Amino acid sequence: MTLRAFEATDAPLISARGLTKRFGDFVAVDGIDLDVHRGEAFGFLGPNGAGKSSTMRMIGCVSPPSDGSLRILGLDPGADGSRIRSRLGVVPQRDTLDEELTVRENILVYGRYFGLSKAVVRERAAELLEFAQLADRADSVVEPLSGGMKRRLTIARSLVNEPELLLLDEPTTGLDPQARHVLWDRLFRLKRSGVTLVLTTHYMDEAEQLCDRLVVMDGGAIVAEGSPRQLIAEHSTREVLELRFAVDDHAPYQAKVADLARRIEVLPDRLLLYVDDGDAAAAAVHDRGLTPLSVLVRRSTLEDVFLHLTGRTLID
Amino acid sequence: MGTAQRVSRMMPFPAGAGMARALVERNVRAYKHAWTTLVSGFFEPVFYLFSLGVGMGALIGDIDAGNGRMVAYASFVAPALMAAAAMNGAVMDSTFNLFFKLKYAKLYDSVLATPLGPRDVAVGEISWALIRGGLYSTVFLLVAAVAGVVESWWAVLALPAAVLIGFAFAAVGMAATTFMRSWQDFEYINLTILPMFLFSATFFPLSAYPAALQWVVQATPLYHGAAMIRALMLGDVGASLLVHVIYLLVMGMIGAVFAARRIERLLLT
Ligand SMILES: Nc1ncnc2c1ncn2[C@@H]1O[C@H](COP(=O)(O)OP(=O)(O)O)[C@@H](O)[C@H]1O
Ligand SMILES: [Mg+2]
């Protein structure tokens with residue numbers, strides 16, 4: 001099928017069945033199935049080592065799958081890697097900016113790798129530098145830029161070929177909160193303009209903010225799939241009561257409050273009670289004469305979903 | 001279709017998009033910011049030419065260039081210096097510079113995320129080494145001609161000959177670099193290049209070596225490079241030229257295909 005014919009269909013942009021990646025005997029991605037549709041913002045949420053980057057590299061056609069089938073834009077990465085890559089934008093986990101070039105040249109040269117004419121890359125570089133709020137640094141070398149600026153430049157660079165599918169591997173890891181918000185704002189704009197986003201993250205707030213739909217990955221496998229809202233509804237309660245006691249080990253307290261909650265998680269420094277009404281449960285705790293150091297009622301998040309599904313926290 | 005594209009298509013395996021040219025363009029841009037490193041490469045062979053060829057040559061006098069023909073020592077040694085310069089330039093670019101891009105700058109990680117494939121990387125980097133080497137060789141040849149050590153108009157062909165030497169060494173150097181683990185491993189490159197530079201019938205004729213060693217000398221690639229350029233600059237053109245050309249061409253082709261495959265193995269995991 002030609003790319004144009006493919007565009008007329010509503011077939012998924014990415015379609016994987018039993019997709020597997022092995023490094024020697026080690027299985028990094030263990031037979032995952034997924035479909036990503038046009039216009040979606042799709043996320044992989046999982047801790048370090050879950051296999052997110054390995055999956056992204058296979059989708060980016062820079063890592064051959066060990067097993068299973070993978071179609072990107074209706075094409076086979078093995079046979080048509082170059083054609084697929086010409087339609088993708090890639091933001092790798094580690095910035096791979098060209099430090100021997102200036103900020104502007106990074107975009108110019110990258111555009112030339114896609115076979116774009118010099119006139120076109122000049123024009124797009126100017127637009128993208130505006131988009132990435134880097135116009136005033138255009139002729140600076142890359143090295144002294146802040147982490148957030150480098151990340152924005154990497155994203156700007158990945159857009160030079162006007163990709164229909166943008167792959168972002170941990171776009172905001174290592175950035176301060178302000179820089180993250182600037183980046184999120186840029187990604188929202190892209191999403192509104194119709195670019196399909198596929199991103200990985202181990203921040204549940206990022207997944208909740210950006211993703212229409214996501215899969216939770218752990219140990220190379222997909223353990224759950226849905227919208228952030230669906231996942232929370234399915235795998236957690238409406239509210240969470242967090243109790244912190246003045247002890248080193250919270251496990252003995254579990255039995256004293258277990259009947260108040262649908263489910264309980266014991267973390268090293270606190271108890272998490274999964275309940276429908278957090279305030280009512282907190283009152284019940286007090287009625288039993290228990291005096292926690294701190295009491296917090298909050299809504300369930302994807303972090304709770306992950307904890308429930310895997311018994312571990314996302315960031316250790 | 002551009003030349004780079006055509007060359008790229010000719011090579012068997014692995015994948016490329018015929019876009020090596022874009023990588024050459026990238027290198028040209030990078031060197032605009034570091035042009036001093038480019039310029040310094042012009043001087044080394046020229047300094048050798050004057051100190052060894054012209055200076056020492058005055059003490060040595062004429063020597064036998066091979067078939068009983070006596071030439072000035074400077075005319076004997078200049079072609080070897082040109083060949084060695086082509087070798088050194090190509091090896092520098094395809095080892096030190098390439099290792100840096102491969103391991104530290106992670107340049108090819110970003111390049112391979114675009115339509116370019118490993119073959120484009122190999123062809124692009126080798127082409128760039130040739131362009132750079134070609135520039136140095138042109139300047140050297142002009143200086144040699146002005147210094148009066150070029151004996152024949154055949155010397156014009158010494159330019160493509162130098163580019164061929166560059167190709168052979170750049171391709172093999174690139175393949176070797178893909179095996180390097182740290183900067184220490186580059187000692188092996190120096191250990192290969194330096195003896196070759198000194199003992200490939202570069203500074204004294206083949207007949208000066210013991211008979212048993214003559215075979216070893218004749219097996220080295222720089223011997224063929226130096227002999228090829230010497231034949232052209234002295235105007236001793238014959239069938240043996242063809243042997244030199246084929247030797248270097250085969251060496252380059254094997255090196256290039258091997259380098260492209262190794263880059264694929266290393267980066268597309
Ligand atoms: N090139 C490789 N060789 C061997 N093991 C690898 C390689 N790349 C990744 N791995 C392993 O695969 C697992 C998944 O890694 P990765 O996909 O990077 O996870 P994530 O991006 O979710 O942190 C990790 O245990 C990692 O050590
Ligand atoms: Mg990762």
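As the structure is a computational prediction, the values presented were derived from the model and not from experiment. Letters A, B, ... are given to chains in the order of the sequence lines, protein chains preceding strands, and every chain is numbered from 1.
In this structure, the portion of E105(A) lying under 4.5 Å from any heavy atom of chain B is its side chain and not its backbone. For a residue to count as touching a neighbouring chain, one of its non-hydrogen atoms must lie under 4.5 Å from one of that chain's; by this rule L267(B) touches chain A with the backbone only. Neither the backbone nor the side chain of L167(A) comes within contact range of chain B; no heavy atom of the residue lies under 4.5 Å from a heavy atom of that chain. For V109(A), the part lying under 4.5 angstrom from a heavy atom of chain B is the side chain only. Proximity to chain A (any heavy atom under 4.5 Å) is shown, for L268(B), by both the backbone and the side chain.
Side-chain contact check for Y108(B) versus T96(A): every heavy-atom pair is 4.5 Å or farther apart.
Around the OH atom of Y48(B), the shell of radius 6.0 Å holds no more than 12 heavy atoms that belong to other residues, nucleotides or ligands. Within 6.0 Å of atom CE in M149(A), more than 12 heavy atoms from other residues, nucleotides or ligands are found, so the atom counts as buried in its surroundings. More than 12 non-hydrogen atoms from other residues, nucleotides or ligands lie less than 6.0 angstrom from CD of Q133(A). Within 6.0 Å of atom CZ in R265(B), 12 or fewer heavy atoms from other residues, nucleotides or ligands are found, so the atom counts as exposed in its surroundings. In this structure, F23(A) places its CZ atom where more than 12 heavy-atom neighbours from other residues, nucleotides or ligands lie under 6.0 Å away.
Here the straight-line distance linking atom CG of L101(A) with atom CG of N27(B) works out to 9.0 Å at 0.5 Å rounding. Atom OG1 of T114(B) and atom CZ of R157(A) lie 9.5 Å apart (nearest 0.5 Å). We find the CG-CZ distance between D98(A) and R29(B) to be 11.0 Å, quoted to the nearest 0.5 Å. Between atom CG of residue L108(A) and atom CD of residue E25(B) there is a gap of 9.5 Å, rounded to the nearest 0.5 Å. Atom OG in S82(A) sits 10.5 Å away from atom CG in L112(B) (nearest 0.5 Å).
In terms of heavy atoms, F100(B) sits closest to E100(A) at CE2-OE2, 4.3 Å. In plain terms, the two heavy atoms of R26(B) and Y113(A) that are nearest each other are CG-OH, 3.2 Å. When all heavy atoms of P115(B) and R85(A) are compared, the pair lying nearest together is O-NH2, 3.3 Å.
The candidate with the highest count of non-hydrogen atom pairs below 4.5 Å against chain B, out of R94(A), M58(A), E99(A), is R94(A).
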